[in-house]
4 protein chains.
Amino acid sequence: MPRTPSENERIRRATTEQILKTAMTLFCEKGYYSTSIDDVAKQAQISKGLLYHYFKGKEDLLAALVDLRINDVLVVMNAAVAKTTPSEQIQHIIEGALEDVSRQPEVFRFYLNLFTQPRLDPVVAKYSQKLMDEQARQFEIQTDMFVRLGVAEPRQRSLYFSSTLQGIMLMFSTYPNSFPLEKLKAQAIAEFCNNK
Amino acid sequence: MPRTPSENERIRRATTEQILKTAMTLFCEKGYYSTSIDDVAKQAQISKGLLYHYFKGKEDLLAALVDLRINDVLVVMNAAVAKTTPSEQIQHIIEGALEDVSRQPEVFRFYLNLFTQPRLDPVVAKYSQKLMDEQARQFEIQTDMFVRLGVAEPRQRSLYFSSTLQGIMLMFSTYPNSFPLEKLKAQAIAEFCNNK
Amino acid sequence: MPRTPSENERIRRATTEQILKTAMTLFCEKGYYSTSIDDVAKQAQISKGLLYHYFKGKEDLLAALVDLRINDVLVVMNAAVAKTTPSEQIQHIIEGALEDVSRQPEVFRFYLNLFTQPRLDPVVAKYSQKLMDEQARQFEIQTDMFVRLGVAEPRQRSLYFSSTLQGIMLMFSTYPNSFPLEKLKAQAIAEFCNNK
Amino acid sequence: MPRTPSENERIRRATTEQILKTAMTLFCEKGYYSTSIDDVAKQAQISKGLLYHYFKGKEDLLAALVDLRINDVLVVMNAAVAKTTPSEQIQHIIEGALEDVSRQPEVFRFYLNLFTQPRLDPVVAKYSQKLMDEQARQFEIQTDMFVRLGVAEPRQRSLYFSSTLQGIMLMFSTYPNSFPLEKLKAQAIAEFCNNK
DNA sequence: TATGAATGAGTGTTCATTCAT
DNA sequence: TATGAATGAACACTCATTCAT
């Protein structure tokens, strides 16, 4: 007897998630190019054919993961925007971002790696660009916060802020075991969350 | 009669440089994995066989480029150390690093990409690690400067400094056309080059 | 619906056999080094990729063939051991070995060629050694037969027997068209199958 | 000032010998296919270009070595023919052959390997054939000795003799450290050197 | 005689993707 | 939905040989 449609739907969801989780893990461990579709299918305990049933190809896996990432960033940003004072908003950005990276440094590292991919890489550049575009969008919102904070040159301040925050994330994800994340977080909050 | 040894030496040097330059360009444009040895040989206008006469393989090309990069970093660091006051030293690090990245943002981007490579990538991880080790070495020297500068928590300050500087370089190499590098440089110098 | 596992098993078996048969033929004709994987795939009417689906590489092909050969030798030896008198046992070794070589002289020739491969050949030596080890094992069993036959110096006699038998096989596989195998077989049986 | 012609001639001879010796050593160690021209030139301490000045190519090296081998065999055979009685002649063949193989088992092994090369190997078969032809020529001479010895079926006897002798050489060159060559030599002489 | 830079065809191998069932 | 057999283009690398000097 055939499965019910809802049962099918449940299976689809579970399998999709399983594949994505496996792909994320392997991409983080070995990188996109050094991970084969065979690796993913084997580790996800499904057949290669089935994987292609769920995703159009290797690139499609990457696309899905990038969308997930962008969504994560958006969640933090939206929560920040919901705060009342610009000071709280910026603080939330710092805390959200560092919370993210501290939970899964390799994941952040993977996206950062993708982000820094050469511009003409025939496969990967598209997703690198997508991440950059999204970051640019976030940047505009964040700059508004600095405007409302009343700093002298808000755009420049916002850039400096982004640089510091990205730099902390980069350093932490590089040396996750020895980097005093909390202390640097405090320092960043002290520096950026009030109009000096 | 054979060529004189010095003539051979000249040829070797020129061809080696030509190959490395081409490899650097292509790796920056398309990335290590998406650049084939054929691409490099063709663009360098030599035969594939000759490339293997000069380098043991694709990986050896990468190794040579990483060594060049490490040397570049060392040059800046040594010049910084040669300065008299810690304030000047730190300023030199900032200026040297940003000078580097502003001259060839794609090159920095490439090394940053390598730097953020997943830890288990079978080929590339080794060179990623090498860059990380070198950075750690630089960090110790730099921390001494902050000690001599007399700041409260020099190690933490040095980390925060590195984060900011790396962050600026990351952001600039991402948006080289719209990033006001000079202004941010000034801001960084103002923040880190004297004992507040 | 996927193929049933047993159907897959059938396909695997058939294709594996097809590949091995082709490889054996080509190796016998042109030798291991002068046969390319492309040759094997083409002649076996499969794609190169599929060959690698079944065998890890060219060397693995050779390994499989060597295992087959060792098995053939074991079959003869086991049948010999099963005979009651040592005289019959030795006769069975002679007949089994010469039967083998007369059926497929080129195959024997190929294994002999492998057997005589230089000891340091980076690829092939391993299999040469494997054949030698197996022969040494057979030799011990065979020597027991001469012990039971009651000859004066059984080990030496066993060696002389092996030498003669190997020599006949070598000569026959070299000149299969003009070598009077039956006559020499009779002569060997006459010489070795009873305690003179 | 130019070298004298005779000086040049001396150099030519010495270099030729040096190359051949090196090639023989390497072919014996690693086999013809696994030895590169580069290997030979490096080990012989000359440039690749010079090697091509002395030999037309890799195949030509093999050809020269095969000629040397054939000459060695001829020397033994001629000395055998010079003996007065057929019994002494056959004894000389045994002793000469076994002396050869015992002095340099790897060299014999190499030629045996060549001898057993598949018939269609595009490069090597020609030399394999040459060795076989030469052996056939020797065989005729040797058969005459058995005729003169007065055995019943001299041709068959001669074949059986060759088989035994080749077999001993094969076995010895395979296990040079544990094979009691002298004892087997005695046994062969006892068996073949008088009209039983 | 002598060198080693230079070539390019050929080889083993990988892998994303398709297809028959 | 699910399997894994099958494909073929692409890739890194080797090596006998040639050539300019």
Side-chain angles (χ1 to χ4, degrees), chain A residues 2-3 7-8 11-12 15 33-41 46-61 123, chain B residues 1-5 7-9 11-12 14-15 33-41 46-59 61 123, chain C residues 1-5 7-12 14-15 33-41 46-59 61 123, chain D residues 2-3 7-8 11-12 15 33-41 46-54 56-61 123:
Chain A
R3 291 194 194 85
E7 177 68 359
N8 266 338
I11 291 177
R12 265 202 90 77
T15 307
Y33 282 109
S34 296
T35 300
S36 71
I37 286 287
D38 245 90
D39 289 340
V40 177
I46 59 165
S47 70
K48 236 187 314 186
L50 191 55
L51 195 154
Y52 276 88
H53 200 73
Y54 283 87
F55 292 91
K56 275 195 302 227
K58 195 180 177 184
E59 201 177 330
D60 197 31
L61 277 176
V123 179
Chain B
M1 269 152 292
R3 286 195 195 85
T4 65
E7 174 68 1
N8 270 329
E9 178 64 17
I11 290 177
R12 274 199 87 81
T15 309
Y33 282 109
S34 297
T35 300
S36 73
I37 286 288
D38 246 86
D39 290 339
V40 178
I46 58 167
S47 69
K48 226 192 314 189
L50 189 57
L51 195 153
Y52 280 90
H53 193 63
Y54 284 88
F55 293 91
K56 277 199 296 242
K58 194 180 176 183
E59 198 177 333
L61 233 37
V123 178
Chain C
M1 267 152 296
R3 287 195 194 85
T4 65
E7 174 69 1
N8 270 329
E9 178 65 18
R10 198 189 55 73
I11 291 176
R12 274 199 86 81
T15 309
Y33 282 109
S34 297
T35 300
S36 74
I37 285 288
D38 245 85
D39 290 340
V40 178
I46 59 167
S47 69
K48 228 188 319 183
L50 190 58
L51 195 153
Y52 279 89
H53 193 64
Y54 284 88
F55 293 91
K56 278 199 295 241
K58 196 180 177 184
E59 197 177 333
L61 234 37
V123 178
Chain D
R3 293 194 192 85
E7 176 69 359
N8 267 338
I11 291 178
R12 264 202 90 78
T15 308
Y33 282 109
S34 296
T35 300
S36 71
I37 286 287
D38 245 272
D39 289 340
V40 178
I46 59 164
S47 71
K48 235 187 312 186
L50 191 55
L51 195 153
Y52 276 88
H53 200 74
Y54 282 87
K56 276 196 303 226
K58 194 179 176 183
E59 201 177 330
D60 197 32
L61 276 176
V123 179

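FYI, side chains are in, hydrogens and waters are out, and symmetry mates aren't considered; it's all heavy atoms of this structure. Throughout, protein chains are lettered first and strands after them, A, B, ... in sequence-line order, and every chain is numbered starting at 1.
As judged by a 4.0 angstrom heavy-atom cut-off over every strand, T15(C) is placed among residues touching the sugar-phosphate backbone only. Among the protein residues, L50(D) comes within range of the nucleic acid bases, having at least one heavy atom under 4.0 Å from a base atom. In this structure, T35(D) reaches the sugar-phosphate backbone alone: every heavy-atom distance under 4.0 Å involves primed, P, OP1 or OP2 atoms, never a base.
Rounded to a whole Å, the CG atom of L51(C) is 20 Å from the P atom of dG4(F). We find that CD1 of I37(A) is positioned 20 Å from P of dA9(F), with the value rounded to whole Å. Taking atom CD1 on I11(D) and atom C1' on dT3(E), their separation rounds to 16 Å, with Å as the unit. Protein atom CG of D39(D) is 12 Å distant from nucleotide atom P of dT14(F), rounded to whole Å.
Comparing I46(A) and D38(D), the nucleotide of DNA chain F nearest to each residue sits closer to the 5' end for I46(A). Both G49(C) and E9(C) lie near DNA chain F, and the one whose nearest nucleotide falls closer to the 5' end is E9(C). Toward the 5′ end of DNA chain E lies the nearest nucleotide of S47(B), the other residue of the pair G57(C) and S47(B) mapping further downstream.
Residue H53(B) has a polar side-chain atom (N or O) positioned under 4.0 Å from OP1 or OP2 of dA5(E). Close to dA5(F), at under 4.0 Å from its OP1 or OP2, lies no side-chain N or O of Y54(C). Look at Y52(D) and you'll find a side-chain N or O under 4.0 angstrom from OP1 or OP2 of dT17(F). For dG12(E), the OP1/OP2 oxygens have a side-chain nitrogen or oxygen of K58(C) closer than 4.0 Å. Remark: Y33(A) is not in phosphate contact with dC15(E), judged by side-chain N or O atoms under 4.0 Å from OP1 or OP2. Contact annotation: R12(C) reaches the phosphate of dA5(F) (side-chain N/O to OP1 or OP2, under 4.0 Å).
The side chain of S36(C) approaches dT11(E) more closely than any other nucleotide in the set dC15(F), dT11(E), dT7(F). Of the candidate nucleotides dG4(F), dA16(E), dG4(E), dG4(F) has the atom lying nearest to any side-chain atom of N8(C).
You'll find a donor-acceptor pair under 3.5 Å spanning the side chain of K48(C) and the base of dT13(E), going by distance alone.
Using a 4.0 Å cut-off between a side-chain N of Lys or Arg and a carboxylate O of Asp or Glu, R10(C) and E7(C) qualify as a salt bridge.
The shortest non-hydrogen separation linking Y33(C) to K58(C) is O-NZ, 3.9 Å. The shortest non-hydrogen separation linking L50(C) to T15(C) is CD2-CG2, 4.3 Å.
Using the Watson-Crick or G-U wobble rule with both distances under 3.5 Å, dC15(F) pairs with dG8(E).
A donor-acceptor contact shorter than 3.5 Å is absent between the side chain of N8(B) and the backbone of P5(B).
If you take NZ on K56(B) and CG on L51(B), they are separated by 14.0 Å, rounding to the nearest 0.5 Å.
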